[in-house]
Structures are given as C-alpha cells and as structure tokens.
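Here's the structure we're looking at; comments come further down.
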Amino acid sequence: MPEGPEIRRAADKLAAAVIGRPLTEVDFAFPQLKHYRQHLIGERILAIEPRGKALLTHFSNGLTMYSHNQLYGVWKVVKAGERPDTKRDLRVRLETADSAILLYSASDITLGPREEIEQHPFLKRIGPDVLDMSLTEEAVVQRLLSPRFCKRQLGGMLLDQAFLAGLGNYLRAEILWQAALAPQHKPQDLAPAALQRLAEALLAVPRLSYQTRGQVNENRHHGALFSFKVFHRSGEPCERCGAMIARGELSSRPFYWCPGCQK
C-alpha cells in the first residue's frame, strides 16, 4: 500500500491536471452519489488534500469528496474525453475542458459539505499527517509522551495511523534506523536525546522522501536523493556502523534493521 509521500505526490499530480478549472463533466458510479453531479458541473476543484492515506477533494461550492484507495483503488490523469482501456471499474470522473481525473476500483467514497466530511470516522481516528508542514518536532515529542502512546513499542506504534498518519512499512524501518532505535523501545523509556532524535526522524524521513519525488524501484533506492539505509538491504553493510543489515517480521510485515547500531 502506498505511504504518505507517494499519496501526496499523487495528489500533486491530480491537482496539477484539474485545479482551478471549471468542471465540464462529472460522473459517479455509486447511486447515492449521482445526484451530486448537478451540483458540481461548472464548479472548480480548489484543492486535493491528503490526510494520511485518504484524499479530500475540495470544491468551490463548499462540497468535499472523501476517498480512500484502500488496496485496489487507483487514480489516473487523462485528456478530456479519453476513456482508458482497463478492466478496472470507474468510480469517479471529474473532467475539465482539458483534462480529467479518474478514480478506479475504490469503494470508500463519500461526498458532502466540508464540515460533515471532517467528521468522517477515518478522519476522526487518524493522528496528524506526518507531511503537514505545520507539525513540529515539539508536538511530536508531546505525542510520543502522551498517555495514549508512551507505553507502546515503537515497531507497532509507527504503523498505527492514530499516532501519525501517512507512515507505513518502509518509513517505519528508515525512521528507526535514522533514530538508532530498536522497534522494542517505548517512548517512556527513552532519554531526552533519543526522544528528540526520534521526533526529528519522524518528520525528516517522510518529508525527504516526498521532496525528492522518489519511488521504490528495482535498484532498491527511493528517489534521487533518498536512498534506503536498511529497507530491502538485508545482508548488506550498515553505512553507519558496518554491521550486516538483518531482515525479520514485525507486526506481520517485513522489517529491516541494523543489529549493530539499533540495540
């Protein structure tokens, strides 16, 4: 499943194609959404906002569409009037005079006034978005030490969207390596310097991944400037201490770490 940086880059691509231009065609596959078509023709998309692994599409008339790709959903950008050859089921079409954005295969789609969409159960459940540039290291430290999270092991907590939204498996491994911490550590047991390192990594690693526009490829690197330090590098030397990177399983997901400097 894509993680926060990939979702935000996808949102950027969608926004670049349609933002600010009047909608000339709108189509929804689900019957409960079809009546919104008449309210959206002629309106403009003001923003496409990631919230963790969901997207909020904000329209100029005050409506907002919530969508979550889950495992199978995918957005595509096409020219206006284009109908891609695919076996996927089209769920949403938002078209301007020049371009269209299409959502395929997703099943979790809701549309309504923005204030109502903000009360969506998923949005109420998740924590701050890790790529929200207003989120500070101080706020992350406070969250780490809060009663809700301070006693939890980092390995499981970093996959919990209620802690920080947008983190996932490769980010978990890279953040813990950057902070030189083992997944068994709990925030309440960390010294202040270790807590600060962790807070810095929790923001810096996802933001670097997003800013360098990387994506996983066969060379096991994440972008031009963001290279994996441990993820998918088992058996290779750690660039920090030289120990061999190990692979195991944690929270039912593959996990990579350095036994030499993540003790």
Side-chain angles (χ1 to χ4, degrees), residues 1-19 21 23-41 43-96 99-127 129-131 159-162 165-171 210 215-216 253:
M1 180 181 289
E3 301 182 29
E6 292 74 39
I7 291 169
R8 188 164 292 264
R9 284 196 298 272
D12 291 345
K13 182 178 179 181
L14 296 174
V18 296
I19 204 162
R21 305 180 183 97
L23 292 170
T24 57
E25 186 57 56
V26 175
D27 188 40
F28 298 105
F30 298 139
Q32 68 270 25
L33 300 179
K34 286 184 176 295
H35 71 279
Y36 284 109
R37 180 183 183 275
Q38 60 185 322
H39 299 290
L40 293 177
I41 295 292
E43 299 292 338
R44 301 169 187 263
I45 296 175
L46 300 181
I48 299 179
E49 175 192 5
R51 293 279 189 90
K53 299 181 181 181
L55 289 184
L56 299 183
T57 303
H58 301 297
F59 300 97
S60 54
N61 61 356
L63 292 175
T64 292
M65 184 179 73
Y66 165 94
S67 62
H68 196 301
N69 286 5
Q70 298 171 307
L71 289 178
Y72 303 110
V74 61
W75 282 96
K76 293 182 179 293
V77 176
V78 300
K79 295 179 180 178
E82 185 178 343
R83 299 293 189 271
D85 183 15
T86 176
K87 294 182 179 179
R88 290 179 174 270
D89 294 323
L90 181 62
R91 306 300 195 192
V92 177
R93 184 181 189 92
L94 302 173
E95 185 170 311
T96 69
S99 304
I101 57 176
L102 314 178
L103 177 56
Y104 289 93
S105 303
S107 57
D108 192 0
I109 305 168
T110 307
L111 207 155
R114 180 167 184 170
E115 59 272 16
E116 292 184 10
I117 296 300
E118 290 287 352
Q119 302 304 310
H120 188 285
F122 176 83
L123 300 180
K124 298 287 285 185
R125 187 170 67 247
I126 63 176
D129 193 300
V130 73
L131 291 174
L159 294 185
D160 184 353
Q161 299 301 291
L167 297 179
N169 199 41
Y170 85 76
L171 288 174
Y210 165 66
Q215 60 185 13
V216 178
R253 306 287 299 278

L14 and L94, any side-chain heavy atoms less than 4.5 Å apart: no
Residues which pass side-chain contact (heavy atoms from CB on, under 4.5 Å) with E95, listed by chain and number, not counting sequence neighbours: T24, E25, A80, R83, R93, A100
Over all atoms of both residues, closest heavy-atom pair of A165 and G52: CB-CA, 3.5 Å
For I7 against K53, the heavy-atom pair lying closest together: CD1-CA, 3.2 Å
Summary of side chain to side chain donor-acceptor pair (under 3.5 Å) pairs that have at least one residue in residues 113-122, sequence neighbours excluded: R51-E118, Q119-K124
Worked verdict on W75 versus V77 for side-chain contact (heavy atoms from CB on, under 4.5 Å): CA-CA 7 Å; W75 282 96; V77 176; over 6 Å; no
Reported OG1-to-CD1 distance for the pair T64 and I48, which is rounded to 0.5 angstrom: 11.5 Å
Euclidean distance, R37 CZ relative to L111 CG, rounded to 0.5 Å: 14.0 Å
Main-chain N/O of L23 paired with E43 side-chain donor or acceptor, under 3.5 Å: no
Polar contact flag, side-chain donor to acceptor under 3.5 angstrom, D89-Y72: no
Atom pair CD1/OH of I41 and Y36 - distance to nearest 0.5 Å: 15.5 Å
Q161 (side chain) donor-acceptor with G166 (main chain) under 3.5 angstrom: yes
Side-chain touch L56/L123, heavy atoms, less than 4.5 angstrom: yes
Side chain proximity check, P84 to V78, heavy atoms < 4.5 angstrom: yes
D12 vs Y210 side-chain heavy atoms within contact, under 4.5 Å: yes
Side-chain heavy atoms of I45 within contact of I101, under 4.5 Å: yes
Can you give the donor-acceptor pairs under 3.5 Å from side chains of residues 102-110 to other protein atoms, not counting sequence neighbours?
residue : atom : partner : partner atom : Å
S105    : OG   : R88     : NH1          : 3.1
S107    : OG   : Q70     : OE1          : 2.9

Whether H68 and Y66 hold their rings parallel, tilted or perpendicular, with breakpoints at 30° and 60°: tilted
